[in-house]
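Quick notes on the structure that follows.
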Amino acid sequence: MNAGIGFGPVPNGQLADGWWPIGFGDEIGQHPGAFRVGGHRLAVYRDGNGVVRAVEDACPHRRLPLSMGRITEDGYLQCGYHGWCFDGETGQCTRIPNLAPDERVPRGLKVAVFSTAETVADALGWGLRTPALAPPVGPPTGEEPDAGTTMFHTQTAGRLVFVWTGTESPPPLNDLFTTAAFAFDQPELSGQVTVRAPHAETCEALVWNPGKLLGLGWLIGAGDEVVGPSVHTDDHTVRVSRQRYALDVPRASTFDTPAKRVTTHIAATDALTGRTRITVNDSAHLPAAEISVALTPIGRYRTVIRWSVAFDRAASSLKRSALKAAARTSRLHGAARAEALIDATEDAVDAAIDRLRELHHHTPLMPTNQGDAS
Amino acid sequence: MNQAVDPTTLAPRTFRPGSFALRDAWFPLVHTNQVRRSPVRRSIHGDPVVFYRDSDGTVRAATTPPPGAGGEPRGAGSDTEHRHYPLLERYGYAWVWYGDPANASPELMPCIPHTPVEGMPRRFEATIVYDSTFELVCENLLDLTHADFLHSKLTGDALSEDDVIEVESTSETVTMVRIARGRPIPQMQKGFARGATTQNVRAVTITYVRSGLCVLHGDFNPGMSMPMIHPTNPESRIRCRVPATFNPRHMPALGRAVFPLSAHPVGRQDNWAVRKQNLNYLNGAQWREDKADLSSRFDKAGLRYRKVYQQLVARQQQGDYSYLPDSGIARDTSEELGLNRRA
């Protein structure tokens, strides 16, 4: 199936080489966090300069997850078990406590490092965990082992943080183009939901009906399609333009849908990672908007959907705050409805999904740039 | 260095805990004073062991509860034959021979000089359960530098004038001695230190590799001396049960009475680490096969343990369950433990 380049998670949970989104930037702070992408487990943190670093989430010494450690004052990651320190840029081990007899470890080191809020006491701030940074490590002493931990390249694009999962050095991150027709704000609102569905199927659902998947139907349309989609594919991107009824209201018997408002959106999806940008032109009631979606596969059967939305800066501030309130309700959109849509994708009859599957299998069957006028 | 080296004389490049059940050893599975009217159910490498007292009050160990004793799970046990384990009572434990009963011999019983043969009173005992395979817990006890991070309030931090680790081993045991001088008195021991600001530490761990039994003596001078029995009984690859016994010395009576209560807070700090370690050692997908663990000079004892463990596994895989002449399994360890002197 996934011969050649391979798309999506292959059965052993390993991902194809690529820049994969792992989270919004504000999920990553000065305490190392445990992140997953495909079969990889990563400890991700910001070093002293605020640069995001990602290392394998197992200390090369005794394999304790490094996300259970903490950051030193000079920005190294310190394991919580024996205090080995690592440089997140090179992965090099920078310090082993007790090694240098002339170098005193400050008293601040004496602390049991506990994972976040493991006990009620920790949650209330009375636990053994220290919020303080570990003492500085200082320059190398020459006693460090040659080897170190495995680090991953990271890059930040907009609000999203990406890691490179390949072994060789990565190409520059080529995030999807932005349409320059409108001047968009910084994303005003974002949401995230974890679905129990594999990445490839979630990707198909996103191409098929993003409004319903994200709960943003009022903005990009979630109901029946008014006309067939127009699909254009190139090497690794599927671009779809759809016109849908905004709301997905059930139809009674053979009557037409009571929904009246029709919205048009254009979605560009990277076939490998599912990274998607959706643009909606301004209409009588709503300003132009741009929605950015990132899919993070976690293990074999879970995917995190992260979305953020930005509105045209030309719209009045009153209108924009009303839209923000509406978008906030979309955050209440639960995983169950998204999973139901992903389940239904299996039987979907849709030109864009066909193109996406062709790109996955790398065997184009039909010429592209073709609408589905069914 | 270019000569062919027997691979079993080196520490294994990849350590595979939980991959083999070592047998033919005495396992102190339960405190005898906990076997009372109803049977006590334990497990060893997944095999059932049921302790009960027969009509004259002797502790017996069998694969199934005695008929009529109750406690038999419904719908189970019919396929397990009622078979007795060889059993010895010593140091307050019921020791069970796991392996071929024909090889069971009291001469293969470890000697624990710091504990009375009849055991300690109930208040000096504590049973801790770790969510990890027993090899990782043994290795954790042979590598006491972890205590500087996990248990620093009780045992002190990494601030000593010097810190030396010595290792000796036989084909069955690994002895680790850590001598640190001039360490600041840890917070929890300030009451025993009579105003001193630093103390000397001599911590000894003797690990009996087959059974996971660890005999410890942590000597803090000025301060407490803590002889301890820490049997790391393997129940499964994700569980081991430690019926520990303390014999605190050089402490006021109140401290002596209270100290065994520290077993669970301390055990919880260790479990915080070994529980996560276990996943990364046992779940092959988490770790690349070609990648060896890094080690420092403080891991000498842990690496020796891996080597002895690997040699035992290699011998038992070929059906050799015997004890070699150098095993020293029943030797008197009071000198190694340093029971008659202070650090």
Side-chain angles (χ1 to χ4, degrees), chain A residues 12-14 34 38-41 56-70 78-84 86 93 95-115 118-119 128-129 134-135 143-150 167 299-300, chain B residues 15 17 136 139-140 143-165 178 180-184 186-187 265-266 268-288 291-299 302-303:
Chain A
N12 65 4
Q14 296 301 313
H40 297 286
R41 285 163 200 261
E56 185 180 14
D57 200 8
C59 180
H61 177 223
R62 288 296 176 265
R63 307 192 195 178
L64 191 83
L66 284 170
S67 56
M68 293 162 79
R70 57 180 175 173
Q78 185 179 36
C79 176
Y81 198 9
H82 298 90
W84 288 32
F86 299 96
C93 175
R95 177 174 169 73
I96 298 173
N98 312 24
L99 258 186
D102 52 336
E103 195 184 354
R104 288 297 195 89
V105 182
R107 294 298 293 272
L109 200 59
K110 50 183 291 186
V111 63
V113 190
F114 277 80
S115 56
E118 200 183 358
T119 61
L128 290 170
R129 179 193 186 123
E143 297 270 1
E144 297 84 6
D146 294 334
T149 185
T150 311
T167 44
R300 293 176 196 171
Chain B
F15 182 44
L136 291 179
E139 207 189 31
N140 173 285
D143 151 37
L144 291 180
T145 54
H146 83 269
D148 302 346
F149 279 82
L150 295 192
H151 322 305
S152 58
K153 282 192 179 171
L154 181 66
T155 62
D157 51 32
L159 278 172
S160 27
E161 283 165 14
D162 57 34
D163 199 335
V164 182
I165 286 169
R178 181 186 188 195
R181 287 183 301 146
R183 282 160 72 96
Q187 189 181 342
V266 171
R268 187 169 172 277
Q269 291 165 344
D270 282 317
N271 201 27
W272 172 81
V274 295
R275 191 176 58 210
K276 293 296 179 81
Q277 254 189 309
N278 199 47
L279 178 77
N280 280 343
Y281 274 95
L282 265 62
N283 186 349
Q286 304 298 328
W287 193 259
R288 289 207 323 270
K291 212 168 147 182
D293 289 347
L294 301 183
S295 296
S296 73
R297 72 173 167 90
F298 300 101
D299 299 311
L303 294 178

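Quick note on labels: first sequence line is chain A, next is B, and so on, each numbered from 1. Keep in mind the model is a prediction, meaning the values are calculated, not measured.
Looking at B/Asn140 and A/Tyr81, their side chains do bring a donor and an acceptor atom within 3.5 Å of each other. No side-chain N or O of A/His82 forms a donor-acceptor pair with one of B/Asp299 less than 3.5 Å apart.
The structure places CD of B/Glu139 at 5.0 Å from CZ of A/Arg62, a figure rounded to the nearest 0.5 Å. Expressed to the nearest 0.5 Å, how far NE2 of B/His146 lies from SG of A/Cys79 amounts to 12.5 Å.
Closest heavy-atom contact between A/Ile96 and B/Ser296: CD1-CB, 3.9 Å.
A/Pro65 meets the side-chain contact (heavy atoms from CB on, under 4.5 Å) test with A/Asp57, A/Ser67, A/Met68, B/Lys276, B/Asn280; sequence neighbours excluded. For B/Asp293, the salt bridge (charged side-chain N to carboxylate O under 4.0 Å, His left out) partners two or more places apart in sequence, or in a different chain, are A/Arg63, B/Arg306.
Heavy atoms closer than 4.5 Å to chain B are found in the backbone of A/Cys59, but not in its side chain.
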